Number of protein chains: 2
Amino acid sequence: MGTQKPYHHGDLRQQLLLAGEQALLDMPIDDVSLREIARRAGVSHAAPKHHFASMADLLGEIAARGFQKFVDALESAAENSQSQTAEDRLFAMGRAYLRFADDNSAVYGLMFGQVVKMSMTPALTKSSYEAWTQLENAVAQVTGALRAPIAATHVWSSVHGLSMLKSARRLPPHVSLHAVEEENLRMMIAGLKEA
Amino acid sequence: MGTQKPYHHGDLRQQLLLAGEQALLDMPIDDVSLREIARRAGVSHAAPKHHFASMADLLGEIAARGFQKFVDALESAAENSQSQTAEDRLFAMGRAYLRFADDNSAVYGLMFGQVVKMSMTPALTKSSYEAWTQLENAVAQVTGALRAPIAATHVWSSVHGLSMLKSARRLPPHVSLHAVEEENLRMMIAGLKEA
DNA sequence: CTTTTTATATTTACACTGTAAAGATACGAG
DNA sequence: CTCGTATCTTTACAGTGTAAATATAAAAAG
C-alpha cells in the first residue's frame, strides 16, 4: 500500500500543494481559500478532502515543505559563505533567513503563525525541529554547546522578530531597512558572545 | 457634530469595542467574527456598519487601543523599576512587554499582524508611533541618541520575536520558557552596549 | 474478460461569514 | 407636532469550510 499512485487526476495531492504554494505567492493571503486552490488545480472544491483532512492540514503540509526549503536555503548560505569564522557563517545564515522570509512571506507566515497548529501536523513538527537543530549547531560554534539552546533562542527571536516587523510594516519610517538588517545581525551576534 | 450621543442603544461604538476585546480574550480567535461581536453587544449583525466601515476597521481600532494600554503598561513598569540604571529600566520594560503579549495575545496579534493594515487606521499609526517613541527614548538612555533608532529596532525585534515564537509554540520543548525570557533580555541588552 | 471492490472526484447541502441595500424606528431640530 | 436624519433591523448575496450522497474509474478478484 505504500506508493500513492494517481487514479483519476494524476497525483492530485502534489498538485494541490503546488497550487497552494503558487496561490500564496501571487495573490493576497485572504483570497487564498481551499476552494481557490482546488480551482487552480482544476478539480471540484470537495476533491481535496480525500488528500487533506482540512484546510489547516493542507496549509500545515505547505508549511512543513516551507521549513525544508528554509533549511536548504540556510545550509547553502552557510556553505557558500567565504569566511571560515563561526560568527561570519552565522551572519550569512541570518541574511539568508531574512531573505527567505521576504521572498516567501506568506509561507513564512504559515510556518510561524497561528493558523497551523504544531500539534496537528507531524511533518511540521519534524521539519521545524530540523531547522532548530541546524541553527543550534551553528550557534554552538560561537557560544559552545552548553549555552547553545538559550543562545539559539536569542538568535531566532531576533531575526524572526525583525522579519515580522518588516513584513507587517511596523517599523517606523525613519529607519533604513537595509541598514537595520546588517546592524541588527551585528548586535544580535555581539549579544551572543557575552559571558 | 462632535459628541457621539447614543440614539437607540447607548454608545454602541464603545460597546462593540469592549465586546470585541472581551471576545478576543475568551474565545479562540477564529471564532471572533463581526457577527459574534454584534451578538455579544446585543445588536443585529449589520448594526456595526454605522460605526465601523468594515471588520478590519473595528479590529484596527481595537489594535490602536491595545497600543495605548501597551504604552501605559511599559511606562508604569519603567517607573516602578527599583533600579535607577537605564539598563535595568529597559530590562523592566522588556519584561512588561513579554507579559503584555502573554496576557493579551489576541490583541497583540492584531497590533503586529497582517489583518490590520497600518494605512487604513490612522489611530493605529498614531498610537504605534507613540509606543515606538517611548522605546526609542528608553534605548537612547543606554546607547545615546545617535544609535537609538537602530538600537531600538534591535530591542523591538528581539522581544517581539520571542513573544511570537512563544505564543505560536515554535520554541523547542527543551528550553525553559522562564529562563529564556531572562536570558534573552540579558543578551539583547548586551548586544546594545557594543560600540 | 467479467465482476466486485475500493479509491477518487463531483454534486448537493448546510451553517457560517462580511458586506450591501431596503425598510422600520426613534431621536433631535425646527 | 412635524420633519429629517442617524440608528438599528431585516433581508439578500456571494463567498467560505466541511460533510454526506452520488457518480466514476481504476484495481483486484474471479
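Just so it is clear, the structure is predicted and the values come from calculations on it, not from any experiment.
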Checklist outcome for this item: Of B:V32 and A:P48, the one whose closest nucleotide on DNA chain C sits nearer the 5' end is A:P48

Next on the checklist: Between B:A46 and A:S54, which residue's closest nucleotide on DNA chain D lies nearer the 5′ terminus?
Outcome noted: B:A46

Item to check | Whole-Å gap separating C1' (D:dG15) and CD (A:E36) | outcome: 12 Å

Next on the checklist: In this structure, how many angstroms lie between the C1' atom of D:dG15 and the CE atom of A:M27, rounded?
Outcome noted: 13 Å

Item to check | Distance in angstrom units between B:R35 CZ and C:dA15 C1', rounded | outcome: 11 Å

Item to check | Per A:H50 side chain, nearest of listed nucleotides C:dA9, D:dT11, D:dC8 | outcome: C:dA9

Next on the checklist: Over 60° means perpendicular and under 30° means parallel, so tell me whether B:H160 and B:F112 are parallel, tilted or perpendicular.
Outcome noted: tilted

Checklist entry - So what does A:H45 hit on the nucleic acid, given a heavy-atom distance under 4.0 Å: a base, only sugar-phosphate, or nothing? => result base

Item to check | Whether A:H154 and B:H154 hold their rings parallel, tilted or perpendicular, with breakpoints at 30° and 60° | outcome: perpendicular

Item to check | Between C1' of C:dA15 and CG of B:D31, the distance in whole Å | outcome: 13 Å

Checklist entry - So, is A:R39 near the phosphate of D:dG15, with a side-chain N or O under 4.0 Å from OP1 or OP2? => result no

Next on the checklist: What is the separation between atom CG on A:L34 and atom C1' on D:dG15, rounded to the nearest whole Å?
Outcome noted: 13 Å

Item to check | Interatomic distance, B:L58 CG vs C:dT17 P [rounded to whole Å] | outcome: 15 Å

Checklist entry - Heavy atoms under 4.0 Å, any strand shown: does A:S44 hit a base, just sugar-phosphate, or nothing? => result base

Item to check | Salt bridge present between B:E130 and B:K126 (N-O < 4.0 angstrom) | outcome: yes

Next on the checklist: I'd like to know if A:D26 and A:R40 make a salt bridge, using a cut-off of under 4.0 Å between side-chain N and carboxylate O.
Outcome noted: yes

Next on the checklist: Rounding to an integer number of Å, can you tell me how far B:R13 CZ sits from D:dA6 C1'?
Outcome noted: 15 Å

Checklist entry - The side chain of A:V43 lies closest to which of these nucleotides: C:dT10, D:dG17, C:dG18? => result C:dT10

Checklist entry - Given D:dA6, is OP1 or OP2 found less than 4.0 Å from the side-chain N or O atoms of B:H51? => result no

Item to check | Distance, rounded to the nearest Å, where A:K49 contributes NZ and C:dC14 contributes P | outcome: 17 Å

Next on the checklist: Looking at B:H178, I want to see if its NE2 is surrounded by more than 12 non-hydrogen atoms of other residues, nucleotides or ligands under 6.0 Å.
Outcome noted: no

